[in-house]
Structure formats: structure tokens, C-alpha cells
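Letters go in sequence order (proteins before strands), and every chain restarts at 1. Keep in mind it's a predicted model, so treat the numbers as computed, not measured.
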Amino acid sequence: MAEELPGSPPEETLSLWKREQARLKARVVDRDTEAWQRDPAFSGLQRVGGVDVSFVKGDSVSACASLVVLSYPELKVVYEDCRMVSLTAPYVSGFLAFREVPFLVDAVRRLQEKDPHLMPQVLLVDGNGVLHHQGFGVACHLGILIDLPCIGVAKKLLQVDGLENNALHKEKIRLLRAGGDSFPLMGGSGTVLGMALKSHDHSTKPLYISVGHKISLEAAVRLTLVCCRFRVPEPVRQADIRSRDYIRRTLGVPGPPASGRERFRNYPLTSCCGDMCSFTRSPSYTLTHTLFFHSSHFG
DNA sequence: GCGACAG
DNA sequence: ATCTTGTCGC
């Protein structure tokens, strides 16, 4: 049975979360640390990872966390890990990591134990890096916890530090001509927090790229671009597709194939997900994740 | 009451 | 995030 998730955490919890973000933020490295990152052709780069969490319709707790690893430059999937999980924290803008990151860390840990030679050299994360309220989005958070280069790839502009999706911003987007065109996202302090990137010649909406950990913004944008067959870079796109498929296979098609709108009529989700989840976490999300964070570092 | 709101 | 079918276009 799925636990109830509060609509919004108490102010005290948000305060703890902010303090944790501030503490971990000091460890972020926003420059290139690997040789391949400075190479014009990324020679030396062989594996790029992508992570995502997809949700079960009508259930705020059940989700599928996925990690995929793609070969570079072929962009073929060489590793996939999908897992049903029970989320313990609600979604709060600015605190996405506290909802999703524990399960992503678990996935990376499983890879480390099962196929360490397939460990990606960089991870593309669905969400922001330093382009964030506290300068510490989910891509930074994950990067710090697993000590791997991470890139924040957001599909919508997070309006922080004076950044606004206003008429001027939309005009700048309109002026992006070809795939690869971009413009900097300057925060109020004059710092470049990220880049708006047209990832495809015929894509209207840009991607919002920011540094997660152990990579420069320039390399992050350049790598994202070479991973794009479509608007969303292939590692993130494959993680998304496969996690959604996993949910469909697991919860959506228990019986003979039905047709039309008959297929996904509110199946009893809770019965099956209890068995699927090997993680049973504390019902309270107040301190659980913070404690979990301390105990997780390797590599 | 109104706008904002990564996933 | 998710709800949604076909359809127009390269």
C-alpha cells in the first residue's frame, strides 16, 4: 500500500534541506577535470550515462527510476537498469533532488557492483545543475554524491536570480538559428548560470544546460549537443523511454492486450508495486535522505 | 485574488 | 511528472 505524501513539507524540513544544499554546494567543481572534456572531438570519451524517473499515472508515490549507459560516439545503449521505487518526498520546486536522487544513487551503486567497467564517464541529468535557487540543483546533488561529472539538462527555464521567461527571453530564443546556437543565462549577480541551447535545427524550444559537477559549462553544452539525435539528448531520452516502458510492462499490461481506451483504466497499482520495491524507506522524509546522503560515497 | 511552478 | 490520436512534415 502506498503511503500518503503530504502536499507540502513543513517549513522546518525545507530549512533542513536548504542547509544540506548549502553544505554540499561547497564541493561542486565547475570546471573540466578530465582530459576528454578539453578535447575538441571528446577523444577518450567512451560512455555517457543518462538518468530519469518516470511516474505512475494517478499515484504520487510509485515511480520507475532508470539509469542507462550509451557508447560514445555511437550512442548505442550498452546498459540499462529500471527499477520500481516508492518515493518518500513530495515534489517541491528547488528540492527535486530530495525526491529523486536517492534512487539514482542506488542505480549507480548497482552498476558499480555489477558492471563497474560500464560506469559512465559523465551523466546527463533531467533537471538543473547550478542554475537553481540555491545554486545546487539535482545535477549537482547527484554529481557530489557519486563523484562523477554531471550535466544539468532542463526542458524549461527555472526562473531564478532574475532570469525570466519573458518577452525578451522569448525573442532571444526566436533568434537562435541552427542547432548548436545558444545564449548565456546571466543571473542578477552577473554570473553565467547556464546556457539556452537550440539542440536541433528544427526545434522551437531550447534546452537549458548548466554545470552539475566536474565539467565546464562550455564542455557541458558541447557534449549535450553531440548527444542529440532529437531535441532531448539521447542518454536522457533513452532513460525516459525505457522507464516509461518499464511501467507499462509492469503495471499496464497484466492481461491479454486490450484496445483503445480500455487498456490503462486505473489498474490496482499498489498490489504489484509492493513486491517490486526492494527498497523500504522510512515513512518520514524529514531526515531519512539527509542521513542516506552521508553514507553514500564511493569511486 | 494572482502569479509562479526543474521533475 | 501525467492526461492524449491523429496528423502533417522531412
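Counting any heavy atom pair closer than 4.0 Å across all strands shown, A/His202 reaches no nucleic acid atom. Across all strands shown, A/Val53 has no heavy atoms under 4.0 Å from either base or sugar-phosphate atoms. Here A/Gly94 lies in heavy-atom contact (under 4.0 Å) with a base. A/Asn128 comes within 4.0 angstrom of a base, heavy atoms only.
Other cluster members for A/Tyr208: A/Leu131, A/Leu157, A/Leu158, A/Val160, A/Leu163, A/Ile173, A/Leu176, A/Phe183, A/Leu185, A/Leu193, joined by side-chain heavy-atom distances under 4.5 Å among Ile, Leu, Val, Met, Phe, Trp and Tyr.
The side-chain heavy atoms of A/Pro149 and A/Glu34, taken from C-beta on, include a pair separated by under 4.5 Å.
One finds a salt bridge joining A/Lys155 and A/Asp126 here, because a Lys/Arg side-chain nitrogen approaches an Asp/Glu carboxylate oxygen to under 4.0 Å.
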Report summary line: With both pairing distances under 3.5 angstrom for Watson-Crick or G-U wobble, and | for a partner in another strand, the correct string for DNA chain C is ..........
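Under the 3.5 Å distance criterion, with hydrogens and angles disregarded, a donor-acceptor pair is assigned to the side chains of A/Ser216 and A/Asp32.
For DNA chain B, the contact window with chain A, defined by any atom under 4.0 Å from a protein heavy atom, covers B/dA4 to B/dG7 in 5' to 3' order.
Put simply, A/Val236 and A/Val226 are part of the same group of oily side chains (I, L, V, M, F, W, Y) that touch within less than 4.5 Å, one to the next.
Taking atom P on both nucleotides, B/dG1 is separated from C/dG6 by 41 Å, rounded to a whole Å.
In this structure, A/Arg222 satisfies the cation-pi test against A/Phe42, with its NZ or CZ atom closer than 6.0 Å to the six-membered ring centre and inside 45 degrees of the ring normal.
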